[in-house]
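All chains are named by letter (A, B, ...) in the order of the sequence lines, taking the proteins before the strands, and each is independently numbered beginning at 1.
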Number of protein chains: 2
Amino acid sequence: MHVDPHLLRTFVTVAECGSFSAAASRLGYTQSAVSQHIATLESDLGTPLLRRRPVVPTPAGERLLEHAGPILLRLDAARADVRRTVADPPSTLTLAASPLAARSLATALAEVRRTYPGTETSLTVCGRDQVVAGIAAGTFTLGLVDGIATPSDPLNLTNAVQLRTTSVAHDSLVVALPTTHPLARPGRGLSLSDLADARWIDAPDLAAPLATLRAAAGSDALRPAFTYNGTDLHTLLTLIDSGHGLAVLPRSALTPNVAAVPLTTPRLVHRTELLHGHLSDPAAEAVATALSDHE
Amino acid sequence: MHVDPHLLRTFVTVAECGSFSAAASRLGYTQSAVSQHIATLESDLGTPLLRRRPVVPTPAGERLLEHAGPILLRLDAARADVRRTVADPPSTLTLAASPLAARSLATALAEVRRTYPGTETSLTVCGRDQVVAGIAAGTFTLGLVDGIATPSDPLNLTNAVQLRTTSVAHDSLVVALPTTHPLARPGRGLSLSDLADARWIDAPDLAAPLATLRAAAGSDALRPAFTYNGTDLHTLLTLIDSGHGLAVLPRSALTPNVAAVPLTTPRLVHRTELLHGHLSDPAAEAVATALSDHE
DNA sequence: CATGGTCGATCAGCGATACTGATGCACGTG
DNA sequence: CACGTGCATCAGTATCGCTGATCGACCATG
């Protein structure tokens, strides 16, 4: 017997809420039902998944959580994908992009609007995960996501959903620092290990998330001195220029008012990828081909 | 409400069997139950999924089928992954590899057996999909899969399961042809488009599947003149040498009795990747690190 | 140390569900 | 044209999954 997605859903909700009763009201169940859900899930898997009071996932629960999100996403994606084949293609082109990826759109989009003048277009800028989820759920027809990766690998998207991805652009990474910074000498590259103890700005929605950099550098340092939860590039650059800290950004994102030193080790690149489900709309297809990386 | 995995499972079984009643007996249900499953699935998604008599999937059904397999696999993987954290690590190291990937194992394995002499080892050579499925289901702790891909991309494995993958080796591709073949001149490369109308041997379990090559070349040609469903490299090389056709193989797989001309376009590489779930076993971890690509 | 409050576990009960087995109906076949 | 195969449908039943009530453990408070 398979793991029941309903139980999975209440499980992730409980884990998010940290409370059975809160999850119950969020899901429109009674606390009793939630308790039973977790109980059957635990007896089904033969191991406790949550420690109660306070409610925290056990190691086994952590493992299950890693799977649960993608599975639920994928189930929704399947439904959306099926509905897409039966419904006729929408007249509006709905696009989604993560903040730094959006810039790749303008030119390609202009070209397409010339050949398909009738299509209404909408663009939503949101977080990477939301782009993926939106594409999976069919809310968006085309998505652009940017991120950092090792040169030979693609972005490691929530690899749950069978989405077609194509590389749209790649760019080198630089360490952005104030022009007055001692390391702001052009010509030389920097290694992350040299900067382990620097003041870092973590701007996970915009720049390379520090957690990703830590993983790539295999370092436990690189702790944020400042966290910027926002998507406005100008604000981040101003923060950097004012000396609040450094950030790793794609070279093309920089303006002259901050200094940029190439990041040499670990070898990472900035990459933006196009993702979509099955395309039935010719206009969407045109955008997709217009965007494809002409390396 | 989510799509019910049970219904999904009977749906794929029906699609495989091409018959409701056959699927019913395969699943241990009555024909009535299967019919009801399909009916609820169709009403749930609001569209017919199967055309009856004969039983073939509708376009919408095809789309669902693409999702169904990965989803079911992933559900099993989740269960297996959870069970793995609770059960103590097995004493035997179970390895799986696709035929051409297996060769990468021997040296790394020897090194590990020196440091962990106690561990019993088993190696299963099977198809790529079965390696993935086995890793997902927890039957194998470590898997090696080979395949072809564009230079900057990893292998496109059944991207349903959240498996950790690491590149183990990469190799250039060559067109293998009989030594007497007119194109068997060393030094020059070949393009697939030059060979569109050649006699091809499709050996999907061993060499680059022709379907993959067609997709990469964007060509409708490259039709198999001969299909070899087997995993023995020597047999395939003999077939090639005897003039039954050409095949695209990694350079390292070749022996001197066939000629090899580098494949230049499309730009593709042969790559073998290591995949596994969470590793709790130190010996398995040692194998994993020993195998990692020291580029 | 006593007490009230919160939160999860448990239980009884009931409505919905998911099967089986029997029958009906459509299509392909001899 | 009749028959047989194979899916759809229907009634019946056992089980499941929910609610609402109750219980018990733990925490905060005076």
Side-chain angles (χ1 to χ4, degrees), chain A residues 1-62 64-65 68 71-72 75 79 82, chain B residues 1-62 64-65 68 71-72 75 78-79:
Chain A
M1 213 269 234
H2 287 128
V3 180
D4 187 335
H6 289 112
L7 307 186
L8 230 45
R9 191 170 64 111
T10 80
F11 174 62
V12 307
T13 315
V14 168
E16 276 174 18
C17 294
S19 150
F20 280 50
S21 15
S25 70
R26 167 112 74 97
L27 295 169
Y29 285 137
T30 48
Q31 174 267 318
S32 169
V34 169
S35 183
Q36 290 175 49
H37 277 185
I38 302 299
T40 58
L41 200 55
E42 288 182 329
S43 87
D44 193 25
L45 294 171
T47 178
L49 298 168
L50 294 169
R51 233 176 288 283
R52 325 295 156 103
R53 214 178 311 255
V55 173
V56 249
T58 62
E62 300 268 14
L64 187 59
L65 275 178
I71 288 175
L72 296 175
L75 281 165
R79 144 171 264 118
V82 168
Chain B
M1 215 269 236
H2 287 127
V3 180
D4 186 335
H6 288 113
L7 307 186
L8 230 44
R9 191 169 64 112
T10 81
F11 174 63
V12 306
T13 315
V14 169
E16 275 174 18
C17 295
S19 149
F20 280 49
S21 15
S25 70
R26 168 113 72 100
L27 295 168
Y29 286 137
T30 50
Q31 172 267 318
S32 169
V34 168
S35 184
Q36 290 174 49
H37 277 187
I38 302 299
T40 59
L41 200 55
E42 288 183 327
S43 86
D44 193 23
L45 294 171
T47 178
L49 298 168
L50 293 169
R51 232 177 289 285
R52 325 296 157 100
R53 212 181 310 258
V55 174
V56 261
T58 62
E62 300 269 13
L64 187 60
L65 275 177
I71 288 176
L72 296 175
L75 281 165
R79 143 171 264 117

Report task. Give the rounded distance in Å between these two atoms: CZ of Arg51(B) and C1' of dG6(D). Result -> 18 Å
Report task. Check whether any side-chain N or O of Tyr29(B) sits under 4.0 Å from OP1 or OP2 of dT20(C), and answer yes or no. Result -> no
Query raised in the report: Less than 4.5 Å apart, any side-chain heavy atom of Arg9(B) and any of Leu72(B)?
Result: yes
Report task. Report yes if a side-chain nitrogen or oxygen of His37(B) is closer than 4.0 Å to either non-bridging phosphate oxygen (OP1 or OP2) of dC19(C); otherwise report no. Result -> yes
Report summary line: Whole-Å distance, Leu41(A) CG to dG8(C) P, equals 16 Å
Query raised in the report: To the nearest angstrom, how far is Asp4(B) atom CG from dG17(D) atom P?
Result: 11 Å
Query raised in the report: Does a distance-only test, which skips hydrogens and angles, find a donor-acceptor pair under 3.5 Å between the side chain of Ser21(B) and the base of dT5(D)?
Result: no
Query - Proximity to the side chain of Ser19(A) - top-ranked nucleotide from dG8(C), dT20(C), dC11(C) - result: dG8(C)
Report summary line: Of Gln36(B) and Gly18(B), the one whose closest nucleotide on DNA chain D sits nearer the 5' end is Gly18(B)
Query - Closest to the Thr30(B) side chain, choosing from dG8(C), dC7(D), dG21(C) - result: dG21(C)
Query raised in the report: Any luck finding a side-chain donor-acceptor pair between Glu62(B) and Thr58(B) under 3.5 Å?
Result: no
Query raised in the report: For the side chain of Thr40(B) and the backbone of Gln36(B), is there at least one donor-acceptor N/O pair under 3.5 Å apart?
Result: yes
Query - Heavy-atom check, side chain of Asp4(B) versus side chain of Asp44(B), under 4.5 Å - result: no
Requested in this report: Answer yes or no: is there a side-chain heavy-atom contact under 4.5 Å between Pro57(A) and Leu50(A)?
Outcome: yes
Query raised in the report: Taking CD1 from Ile38(A) and C1' from dA9(C), how many angstroms apart are they, rounded to a whole number?
Result: 13 Å
Query raised in the report: What is the distance from CG of Leu27(A) to P of dC18(D), rounded to the nearest Å?
Result: 11 Å
Query raised in the report: Which part of the nucleic acid, if any, lies within contact of Val34(A), taking any heavy atom under 4.0 Å across all strands shown: a base, the sugar-phosphate backbone alone, or nothing?
Result: nothing
Query raised in the report: Given dA9(C), dT9(D), dT10(C), which nucleotide is nearest the side-chain atoms of Ser35(B)?
Result: dT9(D)
Query raised in the report: For the pair made of CZ in Phe20(B) and P in dT9(D), what is the distance, rounded to whole Å?
Result: 11 Å
Report task. Starting at atom CD of Gln31(B), determine the distance to atom P of dT9(D), rounded to an integer number of angstrom. Result -> 11 Å
